Amino acid sequence: QLQASGGGLVQAGGVLRLSCPVSEYAFANYHMAWFRQAPGKEREFVAAIKWRDGSTRYTNSVKGRFTVSRDSAKDTVYLQMNNLKLEDTAIYYCAATFGRYGVRPDVWESWGQGTQVTVSS
C-alpha cells in the first residue's frame, strides 16, 4: 500500500515535502511517480523516478520547482515542492509500476491514498 504524506496548507511561494514509503517496490525494475488531481480535473503526471538509477522526469509546469528523489536506505520516495503556486493545489498521489514508464495514469499499476496540498494566496 502506497501512502503519501506531507501535504498541508501553505502560502504561495512556500515549501512542502511529500513522502511515500515504497518498501514493496524498492527493486531495480520498479519506477515510482507522483501524480496530482485538482477538483474537476483529470489526474495528471507530476514527476517520476526510476529506482534502479534514480533518473527522473518532470512535467513542464513543475520543472525547476519540484524535485523527486529516493532514499534507498529508507525505501522512501520524496517530492520536494518549492515556490508553490496556486495552481499546484491538488491531491497528490504516489504510484508504482514494474517495467513500464510513462506519463499516463493507466501505465502505473499501484496507487495509494493521496495527500492534500492546498496553496493559498
Side-chain angles (χ1 to χ4, degrees):
Q1 183 73 19
L2 299 168
Q3 178 64 60
S5 63
L9 174 64
V10 63
Q11 287 190 321
V15 173
L16 283 174
R17 189 177 79 157
L18 307 184
S19 301
C20 183
V22 295
S23 58
E24 295 182 48
Y25 309 96
F27 300 100
N29 291 328
Y30 272 101
H31 312 310
M32 309 301 302
W34 291 95
F35 282 77
R36 65 187 179 188
Q37 189 165 18
K41 294 188 177 181
E42 294 184 353
R43 191 167 296 190
E44 67 167 344
F45 173 84
V46 176
I49 186 167
K50 293 185 176 181
W51 194 264
R52 179 192 297 271
D53 61 10
S55 59
T56 58
R57 181 176 182 177
Y58 299 91
T59 192
N60 287 338
S61 63
V62 308
K63 284 181 180 177
R65 300 188 298 121
F66 291 11
T67 302
V68 59
S69 62
R70 71 189 187 331
D71 185 330
S72 300
K74 297 182 179 179
D75 289 343
T76 299
V77 172
Y78 301 97
L79 185 67
Q80 178 70 39
M81 304 187 295
N82 299 333
N83 189 22
L84 281 159
K85 301 179 180 182
L86 297 178
E87 53 264 39
D88 295 320
T89 295
I91 299 174
Y92 283 71
Y93 300 87
C94 61
T97 187
F98 181 82
R100 298 186 297 170
Y101 192 71
V103 302
R104 288 169 25 209
D106 62 1
V107 170
W108 300 83
E109 299 152 354
S110 301
W111 295 83
Q113 298 293 321
T115 186
Q116 176 71 48
V117 171
T118 303
V119 183
S120 65
S121 60

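Since the structure is predicted, the reported quantities are computational estimates derived from the model, not experimental observations.
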Donor-acceptor contacts under 3.5 Å from residues 50-58 side chains, at least two apart:
| from | atom 1 | to | atom 2 | distance (Å) |
| --- | --- | --- | --- | --- |
| Arg52 | NH2 | Asn29 | OD1 | 2.5 |
| Asp53 | OD1 | Ser55 | N | 2.9 |
| Asp53 | OD1 | Ser55 | OG | 2.8 |
| Tyr58 | OH | Val68 | N | 2.9 |

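Among residues two or more places apart in sequence or in another chain, the side-chain contact (heavy atoms from CB on, under 4.5 Å) test is passed with Ser110 by Leu2, Tyr25, Ala96. For the side-chain contact (heavy atoms from CB on, under 4.5 Å) test, residues two or more places apart in sequence or in another chain that qualify with Glu44 are Arg36. Arg17 is linked by a salt bridge (charged side-chain N to carboxylate O under 4.0 Å, His left out) to nothing, counting only residues two or more places apart in sequence or in another chain. For the side-chain contact (heavy atoms from CB on, under 4.5 Å) test, residues two or more places apart in sequence or in another chain that qualify with Ala12 are Val119. Lys63 pairs by the side-chain hydrogen bond (donor to acceptor under 3.5 Å, both in side chains) definition with Asn60, not counting sequence neighbours.
The minimum heavy-atom distance linking Val77 with Met32 is given by the pair CG2-CG, 3.6 Å. Across every non-hydrogen atom of Met81 and Val117, the tightest pair is CE-CG2, 3.8 Å. The minimum heavy-atom distance linking Gly7 with Thr115 is given by the pair N-OG1, 3.0 Å. Smallest separation of non-hydrogen atoms from Ser19 and Thr76: CB-CG2, 4.2 Å. Heavy atoms only, all atoms of each residue included: Ala90 and Ala38 are closest at CB-N, 3.8 Å.
Residue pairs satisfying the ring pair (Phe, Tyr, Trp, His ring centres under 6.0 Å) criterion with at least one member in residues 63-91, sequence neighbours excluded, are absent. For residues 33-79, the set of pairs meeting the disulfide bond (SG atoms under 2.5 Å apart) definition, not counting sequence neighbours, is empty. Legend: disulfide bond (SG atoms under 2.5 Å apart) pairs involving residues 29-58, not counting sequence neighbours: none detected. Within the structure, disulfide bond (SG atoms under 2.5 Å apart) pairs that include any residue of residues 24-54 do not occur (at least two apart or interchain).
Note that the OG atom of Ser121 and the CD atom of Gln11 stand 8.0 Å from one another [nearest 0.5 Å]. Here Leu79 contributes atom CG and Tyr92 contributes atom OH; the two are 7.5 Å apart, rounded to the nearest 0.5 Å. In this structure, the separation between CD on Glu42 and CZ on Arg104 is 12.0 Å, given to the nearest 0.5 Å.
A donor-acceptor pair under 3.5 Å is formed between the side chain of His31 and the backbone N or O of Gly99.
Membership of the apolar cluster around Phe45 extends to Phe35, Ile91, Tyr93, Tyr101, Val103, Val107, Trp108, Trp111, as traced through chained side-chain contacts below 4.5 Å between ILVMFWY residues. Hydrophobic cluster membership for Val15: none, as no Ile, Leu, Val, Met, Phe, Trp or Tyr side chain comes under 4.5 Å of it.
Counting heavy atoms of neighbouring residues, nucleotides and ligands inside a 6.0 Å radius, atom CD of Gln116 exceeds 12 of them. The environment of Glu87 atom CD is dense: over 12 non-hydrogen atoms of other residues, nucleotides or ligands sit within 6.0 angstrom.
Residues Val62 and Leu86 share a single hydrophobic cluster, defined by chaining ILVMFWY side chains whose heavy atoms lie under 4.5 Å apart.
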